[in-house]
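Notes follow once the structure below has been shown.
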Number of protein chains: 2
Amino acid sequence: MSTTKYFAPSVEYAAKILIYLSRYKSKQSTLTEISKNLDINKSACLRVLKTLEANNFVYYNSETKKYSLGTYISVLGKRVGENLDYLRIINQFLEEVCELTGLTAALVQRVSFDRVMFISQYQTQIQPRLSISVGNRFPLTEVSYGKWILANVSEEERNYHLREGLKKVTSYTRTNLQKYIDELSEIKRSNILVSRQEYTNNVTAISSALYDWKGQILGMIALVGVSSLIDEAEEQRLCTVLKEVTNRCNEHLIQLKIEAYEFPYESKITQ
Amino acid sequence: MSTTKYFAPSVEYAAKILIYLSRYKSKQSTLTEISKNLDINKSACLRVLKTLEANNFVYYNSETKKYSLGTYISVLGKRVGENLDYLRIINQFLEEVCELTGLTAALVQRVSFDRVMFISQYQTQIQPRLSISVGNRFPLTEVSYGKWILANVSEEERNYHLREGLKKVTSYTRTNLQKYIDELSEIKRSNILVSRQEYTNNVTAISSALYDWKGQILGMIALVGVSSLIDEAEEQRLCTVLKEVTNRCNEHLIQLKIEAYEFPYESKITQ
């Protein structure tokens with residue numbers, strides 16, 4: 001990013017600080033902690049924090065000397081779902097696929113060069129249901145959804161992400177690189193991915209990709225359920241339903257000429 | 001703000017842009033519209049927007065050339081309620097007072113020198129229920145909740161806000177300045193305010209103030225209902241319940257040593 005002329009360093013700091021304060025472990029942090037952990041010069045960090053505070057984007061308690069996310073962020077958050085056409089549309093399809101399958105449905109998006117995140121979810125009342133932590137971020141190679149990103153980037157970038165090989169996350173994680181790369185071609189062709197306990201024990205995640213009108217990947221719709229409750233026939237049904245719903249969702253997104261943000265390879269790896 | 005040394009201009013622009021994109025009328029805006037309406041130099045505005053876009057804080061559609069709020073803001077918003085202790089606590093009291101009264105309960109906070117905003121709300125299933133638009137902002141003198149702010153600022157600042165007199169918003173709005181000022185003393189003493197159709201036809205708003213441990217006003221809990229359904233006895237009951245719940249909420253906030261943000265008078269009026 002720092003190589004582009006369209007860049008405001010203190011806005012980048014502001015974004016990083018807000019993201020930092022959104023994490024559970026650092027939800028209440030001092031200036032020193034924030035500036036140290038985000039590697040931001042202390043006086044620049046203070047200027048950014050004070051400006052965010054004056055806009056209710058962060059809350060400061062002078063007794064504890066700690067900053068937290070501020071109330072205005074909560075209000076902005078409520079407005080995204082109303083104002084961002086494509087999120088509103090995807091959320092409708094999440095709701096539909098959740099009702100059709102009885103599983104928790106989620107939207108997963110790439111949020112940085114090497115991470116995907118749960119953006120929103122729908123749950124049924126059917127028990128046992130799995131719940132997803134909206135806002136949780138995962139490295140591309142440590143969650144099944146990351147495969148969709150790697151299936152859609154250049155070979156050069158894919159190799160960069162895979163440069164340290166594959167980590168064994170559960171006893172079911174397959175760490176053979178060539179088989180992983182073969183799977184990327186396969187899922188791109190069929191637009192469906194079933195991941196049984198590969199990254200979380202007892203959890204099956206079935207996902208399908210959303211594309212913008214230029215063919216860029218916009219995100220993934222995921223269904224998550226308890227593996228032992230999903231037999232082969234049910235898995236087949238879930239795949240069919242998810243593919244059909246994702247197809248219709250993609251048609252909507254293309255009509256709206258939605259465009260995905262691309263994470264530039266050249267700039268990000270130098271960070 | 002620009003007079004203080006703890007200030008990052010481009011972060012202030014970023015905040016203003018996000019707030020601007022959160023409004024219904026300007027939820028999808030071009031660079032030209034944003035830069036013109038917020039009076040930000042176009043190239044500075046573009047740098048801020050591009051940095052926000054790279055963090056998924058705004059979404060850009062190159063086909064329509066329009067910016068909207070981005071998906072990451074939605075995620076941050078969900079985290080505020082979990083991470084900000086005082087909002088979580090107030091929301092619990094909103095839920096309680098909503099259940100006890102059968103009316104919609106809301107948290108109202110001052111969000112800028114001259115505006116208050118609905119921050120969150122709870123609704124019962126009882127019909128007819130009034131719904132509040134979280135994120136809607138009102139000038140201090142055009143909504144009953146603004147009285148709480150004016151009751152708690154210096155006489156100098158109060159006179160500044162009242163310098164153009166009082167606007168007649170409904171046929172019930174009282175515009176006599178001296179009576180208005182007398183009411184400010186009265187509500188501060190009793191910590192309850194009943195406003196019958198004074199700012200919205202057929203709507204009664206009953207509110208009570210939340211204070212931090214230093215005695216600064218932190219916000220207001222408001223109950224809103226249909227005026228014709230609230231007779232004198234019911235109004236009395238609602239006041240008693242709201243005062244009791246607000247008292248307990250204030251005790252919690254004081255124990256937590258919550259601190260309100262003060263909107264500096266000297267800096268804001270020169271904006």
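What you see is a predicted model, and the numbers here were worked out from it, not measured in a lab. Note on naming: letters A, B, ... go to the chains in the order of the sequence lines (proteins, then strands), and numbering restarts at 1 for each one. What's counted below: heavy atoms across the whole structure, side chains too, no hydrogens, waters or symmetry copies.
- Side-chain contact between B:Gln109 and A:Thr71: present, with at least one pair of heavy atoms (C-beta onward) separated by less than 4.5 Å.
- At least one side-chain heavy atom of A:Asn91 sits less than 4.5 Å from a side-chain heavy atom of A:Tyr122.
- With a 4.5 angstrom heavy-atom cutoff, A:Leu49 does not touch chain B via any of its atoms.
- Proximity to chain B (any heavy atom under 4.5 Å) is restricted, for A:Lys78, to the side chain, taken from C-beta onward.
- In this structure, B:Phe113 and B:His161 have side chains that are in contact, with non-hydrogen atoms separated by less than 4.5 Å.
- For a residue to count as touching a neighbouring chain, one of its non-hydrogen atoms must lie under 4.5 Å from one of that chain's; by this rule A:Ile119 touches chain B with backbone and side chain alike.
- Contacts between B:Asn61 and chain A at a heavy-atom distance below 4.5 Å involve backbone atoms as well as side-chain atoms.
- Within 6.0 Å of CG in B:Asn41 there are more than 12 heavy atoms belonging to other residues, nucleotides or ligands.
- In this structure, A:Ile90 and A:Leu210 approach most closely via the heavy-atom pair CD1-CD1, 3.7 Å.
- Using a cut-off of 4.0 Å between Lys/Arg side-chain N and Asp/Glu carboxylate O, A:Glu53 and A:Lys50 are scored as salt-bridged.
- Salt-bridge formation is detected for the pair A:Arg248/A:Glu96: a Lys NZ or Arg NE/NH1/NH2 atom is positioned less than 4.0 Å from an Asp or Glu carboxylate oxygen.
- Of the residues considered (A:Ile258, A:Leu107, A:Thr64, A:Leu87), A:Ile258 shows the highest number of contacts with chain B, using heavy-atom pairs under 4.5 Å.
- Both the backbone and the side chain of A:Glu63 come within contact range of chain B, judged by heavy atoms closer than 4.5 Å.
- Ranked by non-hydrogen atom pairs under 4.5 Å with chain B, the options A:Ser68, A:Gly77, A:Ser133, A:Ala260 are led by A:Gly77.
- For the set A:Arg110, A:Lys27, A:Glu262, A:Arg23, the count of heavy-atom pairs under 4.5 angstrom toward chain B peaks at A:Lys27.
- In terms of non-hydrogen atom pairs under 4.5 Å with chain A, the most contact-rich of B:Asp85, B:Leu46, B:Val134, B:Asn56 is B:Val134.
- Across A:Ala8, A:Ser10, A:Ser43, the residue that shares the most heavy-atom pairs under 4.5 angstrom with chain B is A:Ala8.
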Taking it one step at a time, do B:Tyr145 and B:Phe118 satisfy ring-ring contact (aromatic ring centres under 6.0 Å, His included)?
CA-CA 10 Å; B:Tyr145 318 114; B:Phe118 287 122; 5.8 Å; yes

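- Heavy atoms of A:Ala14 lying under 4.5 Å from chain B belong exclusively to its side chain.
- Contact count versus chain B (heavy atoms, under 4.5 Å) is highest, among A:Pro9, A:Gly70, A:Ser120, A:Ala44, for A:Gly70.
- A:Phe138 has its ring centre no less than 6.0 Å from the ring centre of A:Tyr199.
- Of the listed residues (A:Tyr60, A:Tyr86, A:Phe57, A:Tyr59), the greatest number of heavy-atom pairs within a distance under 4.5 Å of chain B belongs to A:Tyr59.
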